Amino acid sequence: MKKYKRHLITSALPYANGPIHIGHLAGVYVPSDIYTRYLRMRGEDVISICGSDEHGVPITLKARREGITPQEVVDRYHELNKKAFSDFGIAFDIYSRTSNKIHYETASGFFRKLYDQGEFVEKTSSQYYDEEAGCFLADRYITGTCPHCGNENAYGDQCEKCGTSLSPTDLISPRSTISGSAPVMRDTLHWYLPLDTYEPWLRKWILEEHTEWKTNVYGQCKSWLDQGLQPRAVSRDLDWGVPVPVEGAEGKVLYVWFDAPIGYISATRELTPDWEKYWKDPETRMIHFIGKDNIVFHCIIFPAMLKAEGSYILPDNVPANEFLNLENDKISTSRNWAVWLHEYLVDFPGKQDSLRYALCASAPETKDNDFTWKEFQARNNNELVAILGNFVNRTLVLTNNYYQGVVPAPGAMSGPDSDTLSAVMECRKNVESNLEAFRFRQALAEAMNLARLGNKYLADTEPWKVIKSDPERVKTIIYISLQITANLAIILEPFLPFSMDKLRGWLGITGLHWDAAGRSDLLAPGHLVSSGELMFSKVEDAEIERQISKLHDTRKANEESEAEATDRKEDVTFEEFTRMDIRTATILEAEKVPKTNKLIRLKVDTGIDVRTIVSGIAGHFTPEELPGKTISVIVNLAPRTIKGIESKGMVLLAEDEQGRLVFMVPEQKIKNGSPVR
RNA sequence: GGCGAGAUAGCUCAGAUGGUUAGAGCGCAUGAUUCAUAAUCAUGAGGUCGAGAGUUCAAUUCUCUCUCUCGCUACCA
């Protein structure tokens, strides 16, 4: 691997419309923090950059909903998230924000440079405008039919079905998701980054020069490149964001995905006047830590922007993680299905490392992973408490009991002694190689093996027995155990900074260089160590049950709020109501519509006639149980062809918040065709 | 139905350019041990690597089909 002079670590800028949860931590910030701490311990020149991403349409919508300004929204979450990171010891050198003045300068300067170099394609286009909401529609607030695969619910920026990135105008029969209305076209001028012209270069850069990237990242990039890139608009019609620094561009701002990654640059400028050293010197190694949703922006778009600008370096690696689930369900900010960092610390004060450990140990490195409270408890109690905390404790207690806390001078080393010491060095090497390959789970497991090694050493040498027969020998045993403990303080520091800080306090040592790991003379004979308190405490069943029931409550609240959320529809007049012709009827036949999941074709006697109705009820009823049922039917609903079958009318069913369906049946037997009023 | 991911020990997962006895942690059983937050250490049990077919001297690993699971998505008038 090429040797670099310094490192620039970036971590995805969290979007400032919600708090940080364990998914963010496991996927991005814990790995980035571990990596950063490791590099620092190696004495590398490294800075770690992060901040709030504060622009974009969702924030304006949230502000509108709550009747406050976008700035008030982002202020709230910026402070909350900044504190959460610092409480968890995430070692950013700066946590900045994109509503800062320096970011406005940086982003508009960046844009202006590309503009002056003629890198953009300027295009007046008709864009979708929602007349009801009175605004141009951002890409993701338009849905429509994908031109590539025919998916009818493609978003304006991307079709989730075939993965193609799109422009809103590509969509067939678009709809506004804000008002539900069909948007109208209005002319508007925008600037486009012609990604297509960078395609050959990107192809070479990623597919040929970065085959070492994680397979999920590499594969994702390959599939985008294979589908062909399209020019991408870098501006938007919106009043919240960095104004486009071009004359006559009033009411236009930089697209949030153009301005957000520039936030990394702004934050660096804010941090140090030497910022250019980190961004423009080819001897700097830049690493982006992100989640899988961000791959296209960090591997394709941002690099294209940097390349277009011309003076910047490109990322050397983008170790993107997959997603973390919570108790078998997707984490969701809007559904409150998450463990929020600020709430965790209230419930588990001082247990930052327990969460960091559990999240790293089951980080979604290669595929989505599930976080459960039971597993969290097991990791804490069986691994941190029982293996690591226990080894440290027994070593310190033994030292205290036999030598009043003074490190004894070792005698001659026996075979098991030197075997153990060389295993320490082996362990360090394993941790290193895994960290450098961004395999944090494995790195942590290897690091924990050092504590296991210590436990085994004590069990094998049995100093509590030997002390009676050969007290001299015990000095060596305790000496070695103490050296292992000191090594733990180094090797586990990137993973468990709070606990290792405690440990260093007990051992009376200050921060050690990574290269000291593996040595067997970290604590000199005569040095005083304190017996220490316990490094970790158990998580009791009751605490776990409380968390689980908290989630249960959330789930229940979600269901209830969903039930309440259905607002009453607008008033209709009696005349309008009487236009609907609802009749009692009987199902004669029922069969599943082939090649569908939900549809059943019904033959129904309405008293007026016998007709065919297609109904989406196959998830709740089998065709066998339907014939003979008395039901209610709207008989004058305009016919509609569904899957090639003409459906005349609609069967009335009630649906509860879980989506359960119940037929509306007459209370007593009544003639088919009786009108319902 | 479409797209994507997956199916390996009781649980959570690793892994193999196809080749002798398929791994880890947890859990379980047995034994050892008491310095330690009933923690630790050793040993062991437990898997026809989702089903079927194909390629091959050889497949759990490659190909195809199927089944099931998860996510997204479609049909609901």
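Reminder, nothing fancy here: chain letters follow the sequence lines and each chain counts from 1. Computed over heavy atoms, backbone and side chain alike; hydrogens, waters and symmetry mates excluded. Note that the structure is a prediction, hence the values are computed from the model and not measured.
Of the candidates B/U37, B/C26, B/U40, B/C26 carries the atom nearest the A/N382 side chain, counting heavy atoms from C-beta on. Closest approach to the A/R452 side chain among B/U37, B/U33, B/C26 is made by B/C26 (side chain taken as heavy atoms from C-beta onward).
Annotation: side chain to side chain contact (heavy atoms under 4.5 Å, CB included) contacts of A/D470 (sequence neighbours excluded): A/V466, A/E472, A/R473.
Among the heavy atoms of the strands lying under 4.0 Å from A/K538 is at least one base atom, whether or not backbone atoms are also near. The residue A/A378 sits apart from the nucleic acid: no heavy atom pair falls under 4.0 Å.
B/G31 is paired with B/C41 under the criterion used here, namely a Watson-Crick or G-U wobble arrangement in which both key atom distances are under 3.5 Å.
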What does nucleotides 7-13 of chain B look like as a protein-contact string, B for base, S for sugar-phosphate only, - for none, at under 4.0 angstrom between heavy atoms?
-> ------S

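Ring orientation note: the planes of A/F371 and A/F376 are tilted relative to one another, at an angle of 30° to 60°.
Sequence order on RNA chain B of the closest nucleotides to A/E383 and A/T395 puts A/E383 first from the 5' end. Comparing A/F536 and A/N455 against RNA chain B, the residue whose closest nucleotide sits nearer the 5' end is A/F536.
Within 3.5 Å, no donor on the side chain of A/N393 pairs with an acceptor on the base of B/A36, nor the reverse.
Heavy atoms from other residues, nucleotides or ligands lying under 6.0 Å from NZ of A/K648 number 12 at most.
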